[in-house]
Amino acid sequence: MSQAPLSLRLRLVLQLLGIAAVLAILLYFTVRTIAEQAAEATHDGVLGAATLAIAERLQGGDSGVGIDLPYEAFSILGSISADRVFYRIEAAGKTLTGYADLPLPPRTGASVAPVFYTAPYRDTQVRIAAVKRTVLVARVAVPVLVVVAQTQLGQDAIAQRVARRAALVGLGSFILAAVLSLLTTGSVLRPINRLAEAVGRRGPQDLRAVDHPTPAELRPLVSALNGFIARLRGALSRTETFIAEAAHHIRTPLATVRARAEIALRQAGSEDSRETLRAVIRAVEESSRSAGQLLDHATVVYRSDRLADEHVDLSALIARLVMAIEPIAELRDLTIMVAGVENKIVVRGDPPLIESAVRNLLDNAIKYSAQETQIDIGVEKKGKTARIELCDRGRGLAGQRQSRLTGRFQRGENSGDVVGSGLGLTIVEEVAAAHAGRFELTEREGGGTCARLFLPLV
Amino acid sequence: MRTIVLAIGLITCLLSPAAAFVVEEETLFPATGVETQILSVLSTTDTAILRPVILGFQARNSSVSVRYTVASSQEVYAAIHDEGIGYDLVISSAMDLQMKLANDGFAARYRSALTDSIPNWAHWQDRLFAFAQENVVLIVSRAGLNGLPVPQTRRDLIEMLRGHPEVFRGRIGTYDPKASGAGYLFATQDARQSESFWRLAEVMGGLSPRLYTSSNDMISDLKQGRLVLAYNVLGSYAGPRLADDPDAKVVELEDYTLTLLRTGLVPVNAAAPNLGGAFLDFMIGTQGRRLLRDDAGLPPTDEMALASGPYLRPMRLDPGLLVFLDRIKRKAFLDEWSSAFSQN
Ligand SMILES: Nc1ncnc2c1ncn2[C@@H]1O[C@H](COP(=O)(O)OP(=O)(O)OP(=O)(O)O)[C@@H](O)[C@H]1O
Ligand SMILES: [Mg+2]
């Protein structure tokens with residue numbers, strides 16, 4: 001059981017959220033520790049100042065150590081928060097005044113600067129500052145220790161408030177990071193989505209290289225894709241070239257066969273051998289026609305890959321083609337009426353392809369017309385497109401569908417003894433598609449067929 | 001009922017043989033309904049003063065009997081701090097001693113909607129609560145002044161004493177800080193407030209002052225003409241007693257007038273801490289405040305009153321109060337006071 005790998009988006013989002021969560025927790029603890037340290041430092045500062053204030057008022061003398069507790073020092077101790085205050089003043093190991101059971105500093109080395117420590121006292125925990133001074137009593141140096149303690153209610157209250165704030169900050173930064181990571185994921189994945197869309201939007205024939213602007217990280221993928229497209233196009237074009245060459249190689253010998261067969265026909269004595277030779281000539285004609293159409297078709301397929309983008313004057317094109325085909329039409333007493341060619345009608349596209357398509361339509365119109373009828377050709381602008389219309393008074397489509405007739409090598413049931421390979425309309429349809437145009441084949445009112453080709457104007 | 005009280009007192013004595021604090025007065029207020037609980041209050045405030053408040057409390061709580069014990073502030077402190085007797089509520093005007101009890105862990109925490117509503121200056125932590133604020137005033141006898149103007153500041157007072165020693169010699173009174181806790185508190189707070197206190201002490205010391213241990217005695221002596229003025233008298237006592245005396249005048253000195261906070265706390269070893277708390281709540285509450293003001297004559301804590309008297313200096317409920325309780329500090333202060341007061 002192989003599971004589908006996690007989507008890139010989910011993977012990115014999960015990892016970014018993970019990182020955000022870790023950072024938010026780190027932030028929470030950092031803010032808390034710093035703030036708690038700051039609160040302790042503040043409280044220690046006040047406690048230390050009070051202790052020093054007492055120590056500074058110690059006095060020597062003949063009768064003993066002079067002590068004068070400063071009122072304000074005590075008053076200020078309680079002012080940050082209503083904390084309880086304890087003190088002890090000790091000289092030469094004897095408690096002079098205050099709370100005789102207040103814990104002394106752990107190391108006896110209390111110095112001139114206050115030493116801070118935390119200890120349990122009575123029913124609570126206290127923060128203690130201790131300062132040492134030496135006082136001259138009757139000319140003897142007596143070490144005096146001043147110890148002041150304060151409960152930690154205020155500090156705890158600050159710690160609690162800070163913890164709540166820190167939690168909010170952590171949560172806020174996590175939410176912010178989550179939103180940003182969603183946005184980031186979207187923007188990181190956007191080029192991939194764009195590329196996929198650009199490739200997906202392509203038509204079935206579009207084998208151009210992908211030159212969509214992509215970030216550096218996607219370039220290997222794009223160049224691999226382009227390499228693949230190039231190989232595919234190479235294979236296709238080799239096939240088409242091969243067909244074209246094959247068609248050419250077939251046509252040349254066929255022309256020789258046909259010339260020989262016609263000479264033979266003229267010299268042939270018996271009706272039997274004449275009949276045989278006529279069939280040979282017809283088969284050769286059909287083969288040659290097929291080879292020609294194959295060549296045209298291969299050209300269309302090949303060129304639609306790298307379509308030339310030129311201006312093509314339809315009026316001139318039609319006039320030229322009609323003039324070229326006029327002799328054949330005359331053989332069958334057909335009249336060709338051309339309308340709308342007075343004005344230039346210019347479309348954008350590949351000249352050989354458009355010519356090939358129109359020639360095939362003209363060819364069909366003449367081939368499938370009855371003798372002494374008229375063919376109407378018109379070209380006009382219809383909105384943003386140009387419309388070329390060829391209408392004949394021939395045998396009509398006998399109810400056959402356009403989609404069937406445009407298929408490769410599909411000949412209609414009405415084609416009878418008309419020579420053809422079934423590739424003509426395929427070429428027309430492919431040219432229309434390559435130019436983002438449209439082809440239409442309909443029954444003409446009052447008999448005959450109408451073929452319409454729409455191509456985008458310049 | 002009285003016998004029950006005595007019996008309880010006897011039991012208490014038997015249970016704690018060290019219980020040796022001096023009780024001035026003990027009264028039982030029997031429950032108005034069927035008694036189920038006893039609230040025992042230890043207080044420095046006279047029974048007569050707080051009686052209306054106690055009765056008001058019992059009107060609301062008909063099943064509570066109240067045993068109200070009065071002692072001096074030192075004795076109240078000793079009963080809790082040294083003897084650990086389990087009263088449910090301790091009421092005292094000695095802010096410093098109350099503060100020391102709370103600071104040293106003898107007061108339990110108590111919180112209610114009412115205690116939450118009192119302003120910051122009127123409580124310390126959730127342990128000590130002020131319910132009355134009393135100004136410390138100067139009282140003078142107009143007749144005794146002999147036409148001299150009534151002083152409005154300590155500077156006026158000092159100048160007047162210096163200028164007319166014959167009027168005042170032997171006829172001024174004040175607390176003896178050595179003998180009276182309240183006197184000591186007022187003197188130390190005065191000394192903190194202003195240097196003029198020491199000058200005043202020197203001037204008064206030169207005029208053979210009379211020293212007292214209670215406000216009531218100073219008021220009585222002023223009324224009877226033995227004193228021309230008395231310095232540092234509790235306004236809550238002087239006000240009602242001198243209200244209908246046209247000769248006496250109560251002066252709130254304008255340089256500053258100390259304001260004492262009468263506080264209550266529930267001891268940690270209270271037998272019925274909830275009852276003690278309930279009585280506190282009652283005193284802080286609307287009805288209790290009205291009873292305190294109108295019937296007990298004690299001004300209830302009131303921020304507006306403080307704001308309207310810019311010269312009023314309420315003593316702060318903070319550990320600073322502990323400083324003058326320090327043995328050495330106390331001795332030093334009293335020595336200095338004595339030398340200032342008893343010169344020539
Ligand atoms: N103008 C027309 N009138 C009647 N039928 C037509 C007409 N044009 C095309 N057809 C039908 O459509 C079929 C397909 O046409 P298409 O041009 O593809 O093939 P073809 O003409 O038979 O062969 P070729 O490849 O030589 O043109 C024809 O065999 C014919 O039956
Ligand atoms: Mg054809």
Side-chain angles (χ1 to χ4, degrees), chain A residues 46-47 50-51 53-54 57-59 61 63-91 94-102 120-127 135 137 144 146-154 156-157, chain B residues 81 95-96 98-111 115 118-130 185 187-194 197 263 265 267-269 313-336:
Chain A
V46 177
L47 187 61
T51 313
I54 298 172
R57 294 211 186 181
L58 292 174
Q59 285 176 3
S63 52
V65 180
I67 299 169
D68 179 19
L69 296 180
Y71 195 97
E72 296 310 327
F74 275 66
S75 199
I76 284 168
L77 271 187
S79 67
I80 292 187
S81 55
D83 269 309
R84 289 157 68 184
V85 175
F86 309 100
Y87 64 98
R88 173 179 183 179
I89 298 174
E90 204 199 48
K94 225 181 98 223
T95 301
L96 296 182
T97 186
Y99 299 74
D101 53 348
L102 195 61
Y121 182 61
R122 300 203 169 181
D123 53 343
T124 176
Q125 189 86 1
V126 289
R127 184 79 178 156
V135 171
V137 178
V144 181
V146 177
V147 182
V148 180
Q150 188 181 25
T151 52
Q152 294 175 299
L153 287 182
D156 293 349
Chain B
H81 194 276
M95 288 172 72
D96 45 357
Q98 291 280 82
M99 186 67 212
K100 178 132 174 89
L101 284 180
N103 185 72
D104 290 4
F106 291 93
R109 308 187 58 169
Y110 178 72
R111 266 189 85 169
T115 64
I118 60 181
N120 266 337
W121 55 266
H123 72 100
W124 183 79
Q125 290 193 352
D126 296 328
R127 299 173 197 269
L128 187 57
F129 307 93
L185 178 62
T188 54
Q189 291 293 325
D190 262 344
R192 266 194 70 219
Q193 277 293 340
S194 153
F197 168 73
T263 56
L265 62 82
V268 277
N269 60 345
R313 299 277 178 278
M315 300 180 207
R316 283 223 303 273
L317 273 178
D318 67 26
L321 290 169
L322 303 181
V323 166
F324 284 104
L325 291 180
D326 181 81
R327 199 169 44 81
I328 293 177
K329 183 89 175 177
R330 178 180 165 90
K331 188 176 174 306
F333 180 83
L334 289 177
D335 284 351
E336 194 174 353

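Hydrogens, waters and symmetry mates play no part in the numbers below; they use all other heavy atoms, side chains included. All chains are named by letter (A, B, ...) in the order of the sequence lines, taking the proteins before the strands, and each is independently numbered beginning at 1.
Pairing each heavy atom of A/G98 with each of B/D326, the nearest pair is N-OD1, 3.9 Å.
With a 4.5 Å cut-off on non-hydrogen atoms, B/K100 touches chain A through its side chain but not through its backbone. Residue A/I67 touches chain B through both its backbone and its side chain, counting heavy-atom pairs closer than 4.5 Å. Interface remark: A/I89 contributes no atoms to any contact with chain B (heavy atom separation under 4.5 Å).
Once rounded to the nearest 0.5 Å, the distance linking CG of B/N103 with OG1 of A/T151 reads 8.0 Å. In this structure, A/L69 CG and B/L322 CG are separated by 10.0 Å, a value rounded to the nearest 0.5 Å. Separation of atoms CZ (B/F106) and CG (A/D123) is listed at 9.5 Å; rounding is to 0.5 Å. B/L321 contributes atom CG, which lies 11.5 Å from atom CZ of A/F74 (distance to the nearest 0.5 angstrom).
In this structure a side-chain-to-backbone donor-acceptor pair under 3.5 Å is present from B/R327 to A/L96.
With contacts defined as side-chain heavy-atom distances shorter than 4.5 Å, the pair A/F86/B/D104 qualifies.
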Discussion item. With side chain to side chain contact (heavy atoms under 4.5 Å, CB included) as the criterion, how do B/K329 and A/T97 come out once you've worked through the C-alpha distance, each side chain's angles and the decisive distance to 0.1 Å?
Written reply: CA-CA 9 Å; B/K329 183 89 175 177; A/T97 186; over 6 Å; no

Item to complete: Begin from the C-alpha positions of B/T188 and A/Y71 and carry the test side chain to side chain contact (heavy atoms under 4.5 Å, CB included) through to its verdict.
Response: CA-CA 10 Å; B/T188 54; A/Y71 195 97; over 6 Å; no

